[in-house]
There are 2 protein chains.
Amino acid sequence: MDERQLRILRELGELGSVTAVAEALLVTPSAISQQLRLLQRAIPVPLTERQGRRLVLTDAGQALAGAAVEVETALARARHTVEEFLGRPDAQVSVAAFHSAGSAFFPLLLRVLAAPGRPVPRLADEDVPQEDFPRLTREYDIVLGHRLDHAPPWPDTVATTTLLREPLDVAMPVDHPLAAKRRVTPRDVADQRWIAAHDGFPVLAVIEAIAAAAGRRPHLAHRINEFAVVAEAVAAGGGIALIPRWTMRPHPALVLKPLSGVRARRHIDALYRPERTARTAVRTVLTELRHTARVIQNAGPP
Amino acid sequence: MDERQLRILRELGELGSVTAVAEALLVTPSAISQQLRLLQRAIPVPLTERQGRRLVLTDAGQALAGAAVEVETALARARHTVEEFLGRPDAQVSVAAFHSAGSAFFPLLLRVLAAPGRPVPRLADEDVPQEDFPRLTREYDIVLGHRLDHAPPWPDTVATTTLLREPLDVAMPVDHPLAAKRRVTPRDVADQRWIAAHDGFPVLAVIEAIAAAAGRRPHLAHRINEFAVVAEAVAAGGGIALIPRWTMRPHPALVLKPLSGVRARRHIDALYRPERTARTAVRTVLTELRHTARVIQNAGPP
DNA sequence: GGGACGATGTAGTGCCACTAAATGATCGTT
DNA sequence: AACGATCATTTAGTGGCACTACATCGTCCC
């Protein structure tokens, strides 16, 4: 007893003859007759009976044809399930971000999505080395990752959208000798003690580029990834550091000075598997992330 | 997208690997893999993804697997529909009877089935010529028919159960000359005017047999099928008649005298298509008819 | 009765789900 | 680091089954 046989039985109940069913299903009457015989073989009571030269359903056949409607309904629903899954505007969308992007994007994203009928965000922070961001797209619909301006592009296993090109400024205590300058050069800062990120994190490469531009080797005093911790360490006189201009909340005891002569920028990119954009809700969140990026860039951190 | 592919998807969701699904469904992993590929071909977003060396469902796959459960549920219900149809003890059972059987059986049957959980009788009277009783089983689950003791048996296209072997007595007015006898012989009644049934109805053959036993030709004064009408005609002096002993309500102006020397009996049989006894409710009604027959035989008509 | 209509049986064909065996990928182990 | 074990997939080949074409049989209608 399979779907097709039930379909045939149902059509026979509604159309009232084998020939009519055959025409409706675009096959020969012989095929219908054979399938009915096969269906009958599995069932111990007659499902059909001759009425003159026509074939009609018995009571048992009508009972089974009724169940066949449920089967077809369930199958039709199954066939539409994927579309519905893709089309739901209020589905869950998981977004991962490294810390500073999270602190800047998540509040704005939560606010703009806090309405019925909008995607339901599932946010998570994931601070991983550069090369691990693409892998996170297995687990999250959208991953906010960062890389330096000149760094190799993301592997083409993932699709990407650049949300921000954010300058990295030199952070120092407000009473630092360099705090009087409008901008600083690699020569200005090459001999400073640096608070850098761990290996594999993008900020480190910029510090090395700055030192190289001044012909020195960088003095890496501390290795701290989290910018909020970095800021506190800088304020406490632990050294200077590179801090993103827009996504970090300003620290009252610090000043940020733009670097000249070295491209110190990081990209904040949205990484995702292309097929996930088939979901309306995912596309919506991507759009909102782009919009959020403009807000962040114009207004600075919240 | 067919049932099997959905089944495979569902199992993959629950078992978590192609090999496990293959073992569960008693096929090779290759078959599973191929079916998943076919299913995927019909759907624009990935349903599965590699997780290490295993294959697991994506969110879209899980959504579809959920719908697959509904499909399987509907199919399982369809597969049980026939059994349920057969097993329902309180289903409708249609019973047809010729007039006198109806007037005797129907009241008792209605009384014994008048309870929740018992078969719901759909009664009908059908007075047709002898050879038409089997045909009625197309339309009714059970048909009460009658035939004479020595008449040819019912065709074996129908199953039969004999409910009653009922004597046919000679009915006459209470003041008739023969009313003084305990029983009557063919010779006694051969010259009487008879009230007989129409051609094709069993009673007629008995009258002819009586006449033949006495070496006469019967004198058929009237042709009336319905025994209630016959009784009135006899009471009014229209002639004598054969009247069933148990299934006719006694008429106050008539007496019934047994015939000797001639087998004057009719069978009241239940005719039905064998497959209909697959239904519990039909078997129940057949049992109750047999029981009702015993009551009628012992107690006489109600 | 004869012709039209409807259902069914039979032989043959093409498709499809499956198996078997090889390949590729990943994991755990020593 | 290398190996075997495990898991998935691919390929070629096979058997079963749903279908078509054609013939036959029963039923209805004029």
Side-chain angles (χ1 to χ4, degrees), chain A residues 1-43 46-58 61 65 68 71-72 75 131-132 134-135 138-139 155 157, chain B residues 1-43 46-58 61 65 68 71-72 75 131-132 134-135 138-139 155 157:
Chain A
M1 180 190 304
D2 61 15
E3 189 218 345
R4 176 143 188 88
Q5 290 170 351
L6 288 175
R7 176 86 197 281
I8 288 173
L9 194 74
R10 166 161 138 70
E11 296 289 358
L12 180 61
E14 292 183 7
L15 299 175
S17 85
V18 171
T19 303
V21 175
E23 287 172 4
L25 301 185
L26 303 173
V27 293
T28 59
S30 177
I32 301 301
S33 185
Q34 292 175 62
Q35 288 305 304
L36 285 172
R37 192 157 52 91
L38 285 182
L39 175 60
Q40 184 65 78
R41 204 175 55 179
I43 292 177
L47 298 171
T48 59
E49 61 186 353
R50 296 295 290 258
Q51 196 174 82
R53 58 185 171 185
R54 313 175 83 83
L55 193 74
V56 298
L57 297 188
T58 61
V71 172
E72 289 186 53
L75 263 165
E131 69 268 21
D132 288 345
R135 234 194 306 278
R138 166 188 303 284
E139 200 171 344
T157 56
Chain B
M1 181 189 305
D2 61 17
E3 189 219 345
R4 176 143 190 88
Q5 291 171 350
L6 288 176
R7 176 86 198 280
I8 287 173
L9 195 74
R10 166 161 139 69
E11 296 289 356
L12 180 61
E14 292 183 8
L15 299 177
S17 86
V18 170
T19 303
V21 175
E23 285 172 4
L25 301 185
L26 302 174
V27 294
T28 59
S30 175
I32 301 300
S33 185
Q34 292 177 61
Q35 287 306 303
L36 285 172
R37 193 156 52 90
L38 285 182
L39 175 60
Q40 183 65 78
R41 204 175 56 181
I43 292 177
L47 299 171
T48 59
E49 61 185 353
R50 295 295 291 257
Q51 196 174 81
R53 56 186 172 187
R54 313 176 84 83
L55 193 75
V56 299
L57 297 188
T58 62
V71 172
E72 288 186 53
L75 263 165
E131 69 269 22
D132 288 346
R135 235 193 306 279
R138 166 187 304 282
E139 200 171 345
T157 55

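Reminder, nothing fancy here: chain letters follow the sequence lines and each chain counts from 1.
- Listed by residue number, the members of residues 10-19 of chain A with any heavy atom below 4.0 angstrom from DNA chain C are A:Ser17, A:Val18, A:Thr19.
- Side-chain N/O atoms of B:Gln34 and B:Ser30 include a donor and acceptor closer than 3.5 Å.
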With side chain to side chain contact (heavy atoms under 4.5 Å, CB included) as the criterion, how do B:Leu12 and B:Ile32 come out once you've worked through the C-alpha distance, each side chain's angles and the decisive distance to 0.1 Å? CA-CA 9 Å; B:Leu12 180 61; B:Ile32 301 300; over 6 Å; no

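- The two atoms that bring A:Pro29 and A:Ala22 nearest to each other are N-CB, 3.5 Å, heavy atoms only.
- Enclosure of atom CD in B:Gln51 is not indicated, since only 12 or fewer non-hydrogen atoms of other residues, nucleotides or ligands lie within 6.0 angstrom.
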Would you check, one step at a time, whether the test side chain to side chain contact (heavy atoms under 4.5 Å, CB included) holds for B:Leu25 with B:Arg7? CA-CA 9 Å; B:Leu25 301 185; B:Arg7 176 86 198 280; 4.0 Å; yes

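- Residue side chain A:Ser33 does not reach the base of C:dG9 through any donor-acceptor N/O pair under 3.5 Å, judged by distance alone.
- Between A:Gln40 and A:Thr48 the shortest heavy-atom distance is OE1-N, 4.1 Å.
- Judged by closest nucleotide on DNA chain D, A:Arg4 is the one of A:Arg4 and A:Gly52 placed further toward the 5' end.
- Closest heavy-atom contact between A:Arg54 and A:Ser17: NH2-CB, 3.7 Å.
- If you take CG of A:Leu36 and P of C:dT8, they are 7 Å apart, rounded to a whole angstrom.
- The distance from atom CD of B:Glu3 to atom CD1 of B:Ile8, rounded to the nearest 0.5 Å, is 10.5 Å.
- Summarising the geometry, the separation between CG on B:Leu25 and C1' on C:dA17 is reported as 13 Å, rounded to the nearest angstrom.
- The distance between atom CZ of B:Arg53 and atom P of C:dG28, rounded to the nearest whole Å, is 7 Å.
- C:dC27 atom P lies 11 Å from atom CZ of B:Arg54, rounded to whole Å.
- Distance CG (A:Leu55) to P (C:dT8): 5 Å, rounded to an integer number of Å.
- Using a 4.0 Å cutoff to heavy atoms of chain A, the contacted part of DNA chain D runs 5' to 3' from D:dA18 to D:dC28.
- Taking the screw axis at each terminus of the helix from C:dG1-D:dC30 to C:dT30-D:dA1 from five consecutive base pairs, the angle between the two is 30° to within rounding of 10 degrees.
- Residue B:Leu6 contributes atom CG, which lies 16 Å from atom C1' of C:dA17 at whole-angstrom precision.
- B:Gln35 contributes no side-chain N or O that forms a donor-acceptor pair with the base of C:dC18 under 3.5 Å.
- Residue-level contact check: B:Leu38 touches the backbone only, with heavy atoms under 4.0 Å from sugar-phosphate atoms and none from bases.
- Of the options A:Arg10, A:Glu14, A:Glu11, a side-chain contact (heavy atoms from CB on, under 4.5 Å) to A:Val21 is made by A:Glu11 and by none of the others.
- To the nearest angstrom, C1' of C:dG12 lies 12 Å from CD of A:Gln34.
- Summarising the geometry of A:Leu15 relative to A:Ala24, their closest heavy-atom pair is CD1-CB, 3.7 Å, with the distance given to 0.1 Å.
- Interatomic distance, B:Leu57 CG to B:Leu9 CG, rounded to the nearest 0.5 Å: 5.0 Å.
- Taken to the nearest 0.5 Å, the CG atom of B:Leu38 stands 12.5 Å off from the CE atom of B:Met1.
- What separates CD of B:Gln5 from C1' of C:dC16 is a distance of 11 Å, to the nearest Å.
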